[in-house]
**Q** 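Mind looking over this structure? Questions follow.
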2 protein chains.
Amino acid sequence: MKNVTIKDVAKAAGVSPSTVSRVISDSHRISKETKRLVRKTMKELGYHHNAIARSLVTQRTDTIGLVMARPTREAFANPFFSGIIQGIAAVTQKKHYSLLLSSTADYREEQEETIKLIRNRRVDGVILMSSRSNDELINQLVQYRFPFVLIGRCAEQEGIPTVNNDNIKDTYNIVKFLLERGYKKIAALSGPEEYIFCQDRAQGYRKALDELADTEPLIMFIDDFKFEEAYQGVLNYLKSGQMRFDAILAFDDMIALGALRAIQDYGFSVPEDIAVVGFNDDPMVSYIKPALTTIRLPIIKMGEEAAKMLIKILNDENYKGEEIILPTEMIIRETV
Amino acid sequence: MKNVTIKDVAKAAGVSPSTVSRVISDSHRISKETKRLVRKTMKELGYHHNAIARSLVTQRTDTIGLVMARPTREAFANPFFSGIIQGIAAVTQKKHYSLLLSSTADYREEQEETIKLIRNRRVDGVILMSSRSNDELINQLVQYRFPFVLIGRCAEQEGIPTVNNDNIKDTYNIVKFLLERGYKKIAALSGPEEYIFCQDRAQGYRKALDELADTEPLIMFIDDFKFEEAYQGVLNYLKSGQMRFDAILAFDDMIALGALRAIQDYGFSVPEDIAVVGFNDDPMVSYIKPALTTIRLPIIKMGEEAAKMLIKILNDENYKGEEIILPTEMIIRETV
DNA sequence: TTGTAAGCGTTATCAA
DNA sequence: TTGATAACGCTTACAA
């Protein structure tokens with residue numbers, strides 16, 4: 001199967017290549033007749049345009065890149081990432097863009113990969129999912145004036161195109177809710193502090209306690225968003241008897257589940273003795289028993305908005321992006 | 001920031017463009033000195049190769065496409081897909097390939113999108129995840145001699161490059177195991193019959209009952225791999241009292257969970273009254289109570305193998321692909 | 001070991 | 001309304 005090119009079509013139809021090209025782009029200054037003829041010939045010959053050749057001259061790929069700065073294993077274990085991809089994929093599909101996926105083993109690679117994608121002209125813009133601060137990468141992108149959108153928050157700079165939820169406020173609100181429900185001593189269970197959303201949630205937690213209660217904040221950090229880590233951490237904490245709490249706010253569903261199990265295994269019951277709250281609203285957590293109370297993030301929508309924003313930046317000279325903050329929802333189930 | 005091209009480097013280094021090109025491909029018939037000079041100049045000027053231009057002449061994109069023939073919503077709700085993507089992404093990353101993701105709303109589109117990806121020369125090969133039979137697409141790919149690998153099984157043709165598990169055997173084995181454990185009346189809970197893996201699992205189930213027991217097969221079909229569907233289906237079944245069973249084998253974890261809950265809500269206990277078994281081993285199912293017994297598929301590995309096979313097909317003239325069948329594992333937990 | 005020149009399949013500019 | 005012709009940035013014979 002040889003490739004049918006625009007020249008082949010031109011020759012067969014007895015017109016010039018540029019005419020064929022114009023027919024493809026449906027130029028209005030071409031006669032109906034010629035159009036019909038050329039289209040017929042294209043069909044007969046089985047012509048399909050070559051995206052690569054077109055990109056070379058138009059200087060655009062109609063492709064956006066998604067770079068995920070986590071080891072794939074970690075990245076995909078958490079449904080957050082599939083949700084984001086789902087949202088992005090739906091929009092790119094609809095807007096006739098392609099999606100190039102790039103997951104890097106670590107940090108360093110994130111930067112390299114992103115820059116490579118850009119400099120090699122494979123994509124017109126990128127969506128970043130680095131939840132830690134990677135200021136240098138952002139700086140470079142800004143400096144190159146390369147179109148990008150960040151999912152999450154950029155710690156160091158203002159005015160970066162982002163899609164995020166208001167972690168500080170959201171956490172504040174759930175703590176407030178717990179206090180109103182009568183919980184006196186609320187602990188927090190956080191992932192690694194280097195994640196910006198962990199910092200933000202911790203801040204909202206502290207703020208709420210500071211303003212609305214008179215208890216000292218108690219934040220447990222664990223090394224990874226894993227069930228086992230959370231389980232061990234919370235269990236050790238309970239065993240040490242060092243401090244008491246009647247509610248625990250986990251910064252992620254998976255570790256909320258670990259905490260839940262630790263509490264139960266220690267002999268307490270949820271929510272009678274200790275309440276548990278998570279973050280994300282992974283589909284699965286509504287099916288466990290007791291069903292998890294959690295903050296639902298509009299994950300898919302975050303992906304959609306990021307893709308929409310990037311595509312708009314790409315096509316609208318005057319649009320430079322914005323900071324979109326999406327609302328979340330408290331899903332009260334059985335663990336409170 | 002203007003693009004630095006090979007010509008700019010050539011001019012600055014005082015050599016010809018082809019020399020620069022040769023340095024880039026590290027040709028061995030170029031002097032050490034020239035190489036050093038050219039590399040230095042590239043660095044100084046900040047040269048990066050243009051992948052598009054290179055592709056146009058080499059006729060390869062070093063990109064593979066992943067086409068998912070499900071509505072994105074459905075596709076991503078099931079961790080199966082993220083696992084597959086994870087596996088593929090890891091391999092493409094390592095082998096310096098790019099991954100182009102394309103999720104289509106339905107069937108028809110799957111075919112169109114795949115063909116477009118190919119004819120437009122955006123990718124060198126594709127990985128298909130259509131779990132229903134889409135014979136026409138396969139036929140076209142074969143006819144075009146276009147490199148592809150199928151994850152799943154092709155119902156109609158032999159000799160198609162695939163990665164899969166042996167669903168018939170795997171189901172046979174778990175049914176056998178249940179019978180040996182003393183369960184007398186084992187029901188099956190299947191998704192839509194159009195999915196080939198459902199057909200295969202049903203066949204393994206029937207075969208086992210036929211050879212090892214003297215009970216009639218009892219297969220419940222539901223319209224979708226959703227918790228609610230399974231929940232309602234099983235609950236209705238139990239209420240109708242039409243037929244009894246002491247074990248239920250679900251062809252997916254999510255619907256196993258639905259069945260589990262239905263059984264419990266009806267007032268039976270698991271596994272004392274009825275055993276429940278799932279398929280996949282979604283990370284979450286080990287954390288519910290009672291922890292789900294399930295068949296673990298090597299999902300990530302399936303993605304990896306598919307990517308490896310495709311890349312091998314792409315680079316080895318003599319290799320046409322094969323049918324890889326990966327082993328599964330029974331994970332016995334608390335629901336049996 | 002290096003340079004010249006053709007060509008990959010398009011689109012875009014300028015004439016006609 | 002159409003056709004030449006020149007890019008786009010690279011690789012690769014073929015020469016030197």
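Naming: A, B, ... by sequence-line order, numbering from 1 per chain.
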**Q** Report the residues that fulfil side chain to side chain contact (heavy atoms under 4.5 Å, CB included) with L37(B), sequence neighbours left out, ordered by chain and then residue number.
**A** A13(B), T41(B)

**Q** Whole-Å distance between dA6(C) P and I6(B) CD1?
**A** 18 Å

**Q** Distance check needed: dG7(C) P versus N50(A) CG, whole Å only.
**A** 18 Å

**Q** Grab the CG-C1' distance between L37(B) and dT1(C) for me, whole Å please.
**A** 14 Å

**Q** Taking the nucleotide of DNA chain C with the closest heavy atom to each, which residue, T58(A) or Q59(B), is nearer the 5' end?
**A** Q59(B)

**Q** With a 4.5 Å limit on heavy-atom distance, are the side chains of T162(B) and I324(B) in contact?
**A** no

**Q** Under 4.0 angstrom, heavy atoms only, what part of the nucleic acid is S21(B) near: base, sugar-phosphate, or nothing?
**A** base

**Q** Using the side-chain hydrogen bond (donor to acceptor under 3.5 Å, both in side chains) definition, which of the options K116(B), E113(B), E110(B) pairs with S102(B)?
**A** E113(B)

**Q** I24(B) CD1 to dC10(D) C1': how many Å, rounded?
**A** 8 Å

**Q** Distance from I299(A) atom CD1 to F81(A) atom CZ, nearest 0.5 Å?
**A** 10.0 Å

**Q** Roughly, in whole Å, what's the span from CZ in R60(B) to C1' in dC10(D)?
**A** 15 Å

**Q** Can you name the nearest heavy-atom pair linking D26(A) to R39(A), along with the distance?
**A** OD1-NH2, 3.1 Å

**Q** Which atoms of nucleotides 1-4 of chain D (N or O only) lie under 3.5 Å from a protein N or O atom, and what are those distances?
**A**
unit_1	atom_1	unit_2	atom_2	d
dT2(D)	OP1	S31(A)	OG	3.3
dT2(D)	OP1	T34(A)	OG1	2.5
dT2(D)	OP2	S31(A)	N	3.0
dT2(D)	OP2	T34(A)	OG1	3.2
dG3(D)	OP2	S16(A)	N	2.9
dG3(D)	OP2	S16(A)	OG	3.2
dG3(D)	OP2	T19(A)	OG1	2.4
dG3(D)	N7	R22(A)	NH1	3.2
dG3(D)	O6	R22(A)	NH2	2.4
dA4(D)	N6	S18(A)	OG	3.1

**Q** Rounded to the Å, how far apart are I52(A) CD1 and dG9(C) C1'?
**A** 11 Å

**Q** What is the distance from NZ of K7(A) to C1' of dT5(D), rounded to the nearest Å?
**A** 12 Å

**Q** Could you tell me the separation between the CG atom of L56(B) and the P atom of dT10(C), rounded to a whole number of Å?
**A** 9 Å

**Q** Give the C-alpha distance, both sets of side-chain angles, the deciding distance and a yes or no for side-chain hydrogen bond (donor to acceptor under 3.5 Å, both in side chains) between N164(A) and E323(A).
**A** CA-CA 8 Å; N164(A) 203 8; E323(A) 300 189 25; over 6 Å; no

